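Taking it in order: structure first as structure tokens, then the write-up.
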Amino acid sequence: MGKWRSGFVFGNPTRLLRSASHFHRFSRFPSHSPSPSNISPIFFFYFKSSFSSKKTTMAERTPHSHSSTRRGQSHRGNRSRQSSPGRKEGDGESLRALRPFDICRSGGVDTVRLKASLLELNREKRKELVRSACMSQCHNLRSGMILLKNHLSHEDQVKIIRTCQKLGIGIGGFYQPSYSDGAKLHLQMMCLGKNWDPEAKYVDIRPVDGAKPPEIPEVFQKLVKGAIQASHDFLLHQNKHINVEDELPNMSPDLCIINFYNENGRLGLHQDRDESPQSIAKGLPVVSFSVGNSAEFLYGVERDVDKAEKVVLESGDVLIFGGKSRMIFHGVSTIQANTTPKLLIEETNLRPGRLNLTFRQY
């Protein structure tokens with residue numbers, strides 16, 4: 001401590017003494033107290049010998065010292081990571097991938113988001129009213145592949161976002177899946193009913209953390225049933241003699257894969273072929289809901305991007321492919337930024353990106 005000597009001044013351990021005059025200035029002696037020159041040197045020798053006789057080093061300090069406490073906090077964090085069952089050294093990447101992901105902005109002070117003007121909101125509300133008054137436009141893309149434009153109402157989309165947000169931050173919620181070689185999918189994923197994993201395929205328990213997937217909410221079941229019925233009505237309207245069950249079989253979903261793509265997200269051409277052989281053989285359809293930003297959706301009979309056809313899926317669109325199109329190759333090439341309806345953002349705080357729900361029957 002140099003020429004400074006630590007000592008108590010009438011019960012106060014924070015005082016520092018370097019001379020008799022210094023002691024007198026900081027003490028509580030009254031004005032008639034003896035002068036500093038009259039104070040015995042033995043008094044200072046006592047404080048010096050009591051508090052400065054042993055100089056401690058960093059290595060000698062007890063665990064209760066300030067510096068040791070900081071190190072102890074770090075050690076506690078390391079111990080908690082080491083003691084977790086089933087966790088390996090070097091699993092930092094997987095731990096980061098399992099951090100809860102919220103598809104909606106928190107709305108905290110650190111979130112900068114300009115609110116839509118009243119004029120913009122009124123314009124969006126008018127669009128929603130016009131869309132609600134009109135029947136959704138149906139397109140027969142190919143045999144067994146139906147696109148229902150604007151099928152999901154604004155209220156339905158709000159319910160979907162809020163339900164997915166609540167489930168997504170809980171047990172078995174959103175995470176970034178990866179392959180055993182470390183390659184990651186360019187999206188956040190959550191499964192309902194049964195878990196799908198890039199390596200293990202369909203399992204009841206998620207391999208990466210042992211979480212059990214949440215059940216499919218009843219509100220989602222009703223929306224799927226309504227979308228399939230709308231497709232059947234459209235097919236019958238085109239041809240009243242058609243057997244809709246042959247063209248597009250009915251199904252009751254028992255699993256759902258929910259993907260959230262940020263504005264840089266994508267998904268390569270692939271087939272949905274991990275369901276049971278019976279489900280695929282029957283051509284039971286995949287029902288896909290799109291919410292948020294628009295996406296360029298590719299599909300084709302070959303796994304060739306150059307030969308694939310393209311359609312833009314907007315917020316509220318429902319795509320169904322089954323029957324002869326059940327094994328179609330499909331993927332997402334681009335997410336179109338800033339295409340989420342402003343009214344939807346205003347009401348839900350949905351992050352920039354696309355929320356996609358695909359329902360199947362295993």
Side-chain angles (χ1 to χ4, degrees), residues 93-106 111 113 147 152 157 160-169 172-192 195-199 206 208 213 220 255-272 274 286-300 303-306 308-319 321 328-342 344-345 348-360:
E93 289 296 325
S94 62
L95 291 177
R96 282 190 288 272
L98 287 172
R99 288 174 180 169
F101 177 79
D102 194 338
I103 61 173
C104 297
R105 296 181 187 272
S106 62
T111 302
R113 184 174 63 86
L147 174 59
L152 299 171
Q157 295 178 60
I160 289 172
I161 293 172
R162 289 178 176 170
T163 303
C164 289
Q165 180 198 26
K166 183 178 179 181
L167 294 173
I169 60 177
F174 284 107
Y175 77 109
Q176 187 176 15
S178 61
Y179 292 91
S180 56
D181 61 359
K184 296 181 180 297
L185 275 67
H186 297 273
L187 47 80
Q188 294 283 335
M189 187 177 76
M190 170 176 64
C191 297
L192 306 178
N195 186 78
W196 182 85
D197 181 81
E199 300 287 348
R206 190 160 71 182
V208 69
F220 289 177
L255 62 95
C256 175
I257 298 178
I258 305 176
N259 292 330
F260 184 85
Y261 304 80
N262 62 27
E263 295 186 330
N264 297 317
R266 60 188 183 276
L267 187 62
L269 287 174
H270 66 283
Q271 292 174 309
D272 291 345
D274 295 328
V286 174
V287 179
S288 172
F289 293 173
S290 295
V291 178
N293 278 345
S294 301
E296 292 185 359
F297 183 83
L298 304 179
Y299 65 97
R303 193 174 185 177
D304 189 337
V305 174
D306 295 329
E309 298 185 67
K310 180 175 68 175
V311 65
V312 176
L313 299 179
E314 300 174 303
S315 189
D317 290 352
V318 175
L319 179 68
F321 53 97
I328 198 80
F329 284 96
H330 59 281
V332 175
S333 60
T334 306
I335 303 297
Q336 298 179 354
N338 303 318
T339 51
T340 301
K342 291 182 175 61
L344 194 62
I345 298 175
T348 65
N349 261 4
L350 182 67
R351 291 181 182 276
R354 175 181 182 247
L355 184 64
N356 177 231
L357 295 78
T358 54
F359 299 88
R360 311 111 187 273

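Given the structure is predicted, the values throughout are model-derived calculations rather than measurements.
Rounded to the nearest 0.5 angstrom, I258 CD1 and L167 CG are separated by 7.0 Å. The distance from atom CD1 of I328 to atom CG of D272, rounded to the nearest 0.5 Å, is 11.0 Å. The distance from the CG atom of L267 to the CG atom of L298 is 10.0 Å, given to the nearest 0.5 Å. Separation of atoms CD1 (I160) and CG (L350) is listed at 11.5 Å; rounding is to 0.5 Å. Between the CE atom of M190 and the CD1 atom of I169 there is a distance of 10.0 Å, given to the nearest 0.5 Å. For the atom pair CG of L255 and SG of C191, the computed distance is 8.0 Å after rounding to the nearest 0.5 Å.
For F101 and F260, the ring centers are positioned less than 6.0 Å apart.
The side-chain contact (heavy atoms from CB on, under 4.5 Å) check on R266 picks up H186, with sequence neighbours excluded.
Heavy-atom minimum distance, C104 versus Q165: CB-NE2, 3.4 Å. The two atoms that bring G292 and L344 nearest to each other are N-CD2, 4.4 Å, heavy atoms only. Shown here for E263 and G353, the closest heavy-atom pair between the two residues is CG-N, 4.3 Å. Of all heavy-atom pairs between L187 and Q176, the closest is O-CG, 3.5 Å. Here the shortest heavy-atom pairing between K184 and S178 reads CG-CB, 3.8 Å.
Using modelled atom types, one finds a donor on one side chain and an acceptor on the other under 3.5 Å when comparing S290 with R354.
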For this session: Could you give me the CA-CA distance, side-chain angles and deciding distance for I257 and M189, then say whether side chain to side chain contact (heavy atoms under 4.5 Å, CB included) is met?
Result: CA-CA 7 Å; I257 298 178; M189 187 177 76; 3.9 Å; yes
For this session: Please assess T358 against N259 for the test side chain to side chain contact (heavy atoms under 4.5 Å, CB included), listing each intermediate value before the final yes or no.
Result: CA-CA 8 Å; T358 54; N259 292 330; 5.7 Å; no
For this session: Decide side chain to side chain contact (heavy atoms under 4.5 Å, CB included) for Q188 and I103; before the verdict, give the C-alpha distance in whole Å, the side-chain angles of both, and the deciding distance to 0.1 Å.
Result: CA-CA 9 Å; Q188 294 283 335; I103 61 173; over 6 Å; no
Exercise. Between F220 and C164, is a side chain to side chain contact (heavy atoms under 4.5 Å, CB included) present by the stated rule, with each step listed?
Worked result: CA-CA 10 Å; F220 289 177; C164 289; 4.0 Å; yes
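With R162 contributing its side chain and T348 its backbone, the two residues share no donor-acceptor pair below 3.5 Å. Judged by distance alone, the side chain of E199 and the main-chain N or O of S180 form a donor-acceptor pair under 3.5 Å. Judged by distance alone, with hydrogens and angles left aside, the side-chain atoms of T340 form a donor-acceptor pair with the main-chain N or O of N293 at under 3.5 Å. A distance-only check finds no donor-acceptor pair linking the side chain of S315 to the backbone of V291 [under 3.5 Å].
Between V318 and L152 the shortest side-chain heavy-atom distance falls below 4.5 Å. Contact of the V312 side chain with the D317 side chain is not registered, since no non-hydrogen atoms from C-beta on lie closer than 4.5 Å. In this structure the side chain of L319 never reaches within 4.5 angstrom of the side chain of Y299, judged on heavy atoms. Two residues are said to be in side-chain contact when any heavy atoms from C-beta on lie closer than 4.5 Å; V332 and Y261 meet this criterion. Counting heavy atoms from C-beta on, the side chains of V208 and D197 never come closer than 4.5 Å. No side-chain heavy atom of F289 sits under 4.5 Å from any side-chain heavy atom of L355. Under the 4.5 Å side-chain criterion, counting only non-hydrogen atoms from C-beta, P213 is not in contact with L192. Here the side chains of D304 and L269 are not in contact, with every heavy-atom distance at 4.5 Å or above.
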